[in-house]
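Residue numbers start from 1 in every chain, and the chains themselves are labelled A, B, ... in the order their sequence lines are given, proteins ahead of strands.
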Amino acid sequence: MTKTLADCKIGDTVTLTKVLDKQLTIQLYSMGCILGEEITLERIAPFGEPMIIRVEDSFISIRKDDAEKMEINA
Amino acid sequence: MEVVEKKEKVRLVLVGNPNSGKSTLFNALTGLNQRIGNFPGVTVEKKIGNLNLSKNKKAEVIDLPGTYSLSPRSEDERVTFEYLTNNNRNDLDEIVVIVADASSLKRNLLLATQLIDLEYPTILVLNMMDIVELNKQSIDVQQLEKELGIPIVPMNARLGKGVDQLKERLANFSYQKVKKIVEKHEEKDPLDNTIERFNWIKKVIAKTVKSEGPAKTAETTKKIDSVFTHSVWGFVIFLFILFLIFQAIFSWSTYPMDWIENGFMVFGNLLAETLPQGVLNDLLVDGVLAGLGGIIIFIPQIALLFMFIAILEDTGYLSRVSYLTDTILKRFGLNGRSIIPLLGGAACAVPAIMSARTIANKKERLLTIFVTPLISCSARIPVYTLLIALIIPAEKQFLGFNLQGVVMMALYLLGFVAALVTAWVMKYWVKSEERSHFIMELPIYRMPRWKNVGMTILNKVKVFLFEAGKIIIAISIILWVLSSYGPGEKMAQVDHKFEQMFSENPHLNKEDYSDQIASEKLEESYAGHIGKFIEPAIRPLGFDWKIGIAVVTSFAAREVFVGTMATLYSVGDEENTESIRGKMAKAINSTTGEKVYTKATGYSLLIFYAFALQCMATVAIVVKETGGWKWPIIQLVYMGALAYFSSLLVFQWFS
């Protein structure tokens, strides 16, 4: 089964391979988070979301249901 | 050759990512020479300023809302998108000034390449060069200029470094057609277009940016976040900061408020004595000055609240608050971004509702707009302060804290809870198929830029003073007329009655009866009649007809309550030496002979002002933001009913 960002643990660094939602893709791309980019999962808020991911030197928050739509390569 | 002595003017359009220091540059360029306008058709704030680029070249600067790309996702970004894509303005030559955070160049260059490809004359400002240095990175500016084909100015807007060079380059700007970076193909997916751009940017960055290891500032931010966004400590710190802000506002602002209060009293007495007695004297002292004093006195509190919000935003902390609260707010149909309008609502609902534009999801934005006026705004501070001081002795303590401060905090909390509950009910009522996201950049922590903070305070106080002040002064004058004149001969009859009494009993001291005369005359005035007319409806809430007048007049703006009270209780009082509070404390109900401002009435009135939508400016902004009258009318009726029935409950409970 393909892994998504939601399956990651804090501290994991992964590569983004596919985004399953068009609107989400536009938002991620405009913030520099494109396919092939390395993503580090930095923090998870209480109740499992939102999470903070690090893309290069930028920190971006994201909800769990969006993380589930981001396929990754560990 | 002929030398033309003409003063040229150009328009500078500032565009950049959020957190790129665009506003800092705007402030550095224009200083105090700026104003806030509106974009035609929409209500997003347009900041416009003016400056001289050189001896004979002037410029108008427009600060567009920050955006990551030309694919708008929120209303805010749409304004920037539409301004830039509809270029049928030909009144002035335009230069697009792209402001980029040089410390995260890759992301910032996306927008830059899109703007270059729109064929605007552009200049790139590489801001935050200090952070680049701090992170032991270096940028080959000349090489980057060659790659992009446009002029570049490195800058540290915070210290003002590079601002003069920018002005110089702008003064001598000559547009040259630049080669497009990515050709537009109609059949191609715009997302592939973005990937193509990033591939190009990556190549350019490899050639121009050198760095040694991970960025120091990002590492520091990560460390600070391990505390500030901690699952437990993060919330403890947030609540502690909120508590500090409230304590500070109410203890620090006492001194300047006392000075203003005393100043107005001295000035009022002076004016009353120097001007010839008569209608004009009464109008100026009891009408205009009383109303004016009633609003100026609250500037210290409003300025302090905006100062704290500006500092929290400028340091980057406010986005952490969004992160922490998203999961809670989501359950109530809101979004982590809603926390910014909700906090801003504690200052003024009008700019707060406008800041809801950053919420991309329509339903979440509507709910945020709907509940924001329930948050206690600065216009309620005057009302709360006056009433709390009236019903709670200053020295009373609660668990070691000043009880007045605790009740104030409780009122804010009540507003917040009401906002959440309302949003939760609406969540099920308003239907939407649109997916909701919470994709937000958490900028690195920085020291606040004091100039930005100062500018924010200045702009917000200006809006409060002029927008609210206009209404308050006008209503103060109307009120003075309504309370100085009455239908028929009734008011003259009161004078006549007392004169007769004095002539029959010459031993009576006229001074002892002046308050009674004034009060009886007020009852017979137009204002008294209006108040009496609505009294049956508000009596179950513990309000008398005087409060009735204030409730009616403060529909325009809540703080008018204080001005109304000032006018109502000083009209007819020749010795203007008592503060309103003292007069209200002494007020006696003419029918029951008991004190008007009992605990029950006080709390009931506090609740009423906490919930009722008494603000014409808010109604107007909701009409604009939601594009019609449907939501503001629902909001007005809902909040009115909530206020009425809550006050009814509170009054019956306490009495």
Kindly determine whether B:N335 and A:R63 satisfy side chain to side chain contact (heavy atoms under 4.5 Å, CB included), including the steps that lead there.
-> CA-CA 11 Å; B:N335 185 294; A:R63 281 182 182 165; 3.6 Å; yes
B:Y323 six-ring face occupied by A:R43 cation (under 6.0 Å, within 45°) =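 Not flagged: A:R43 not positioned over aromatic ring of B:Y323.
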Report, by ascending residue number, the residues of residues 216-224 of chain B in heavy-atom contact with chain A at a distance under 4.5 Å; give 'none' if the set is empty.
->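 B:A218, B:E219, B:T221, B:K222, listed by number.
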Is the shortest side-chain heavy-atom distance between [X] and [Y] below 4.5 Å?
| X | Y | result |
| --- | --- | --- |
| B:T194 | A:T25 | no |
| B:Q137 | A:D57 | yes |
| B:T327 | A:P46 | no |

Chain A contact via B:L110 - which portion, at a heavy-atom distance below 4.5 Å |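 For B:L110, side-chain heavy atoms alone lie under 4.5 Å from chain A.
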With only heavy atoms counted, which part of B:S436 is less than 4.5 Å from chain A, the side chain, the backbone, both or neither?
->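 When you check distances to chain A, atoms from both the backbone and side chain of B:S436 fall under 4.5 Å.
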Nearest 0.5 angstrom please: [X] [atom1] to [Y] [atom2], how far?
| X | Y | atom1 | atom2 | answer |
| --- | --- | --- | --- | --- |
| A:E56 | B:I205 | CD | CD1 | 7.0 Å |
| A:Y29 | B:I195 | OH | CD1 | 3.5 Å |
| B:H437 | A:Q23 | NE2 | CD | 5.5 Å |
| A:S30 | B:Q114 | OG | CD | 8.5 Å |
| B:K106 | A:I34 | NZ | CD1 | 5.5 Å |
| B:D225 | A:I52 | CG | CD1 | 5.0 Å |

Counting distance only, does the side-chain N/O of A:S61 pair as donor-acceptor with the main-chain N or O of B:F438 below 3.5 Å?
->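 Looks like yes, one N/O pair under 3.5 Å.
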Exceeds 12 heavy-atom contacts within 6.0 angstrom, atom NZ of B:K136 |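 Counting other residues, nucleotides and ligands, NZ of B:K136 stays at 12 neighbours or fewer.
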How about B:W424: does its CH2 atom have over 12 heavy atoms from other parts shown lying under 6.0 Å from it?
->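 Count not over threshold, so no.
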Nearest non-hydrogen partners of A:L24 and B:I439, listed with the distance =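 Distance-wise, the nearest heavy atoms are CD1-CD1, 3.2 Å.
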Heavy atoms only, distances under 4.5 angstrom: which of B:S231, B:S69, B:S319 has the most pairs with chain A? Name it, please.
->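 Sorted descending by pairs with chain A, the first entry is B:S231.
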Using a strict cut-off of less than 4.0 Å between a Lys/Arg side-chain nitrogen and an Asp/Glu carboxylate oxygen, indicate whether A:E49 and B:K330 qualify as a salt bridge.
->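 Salt bridge flag = yes for B:K330 with A:E49.
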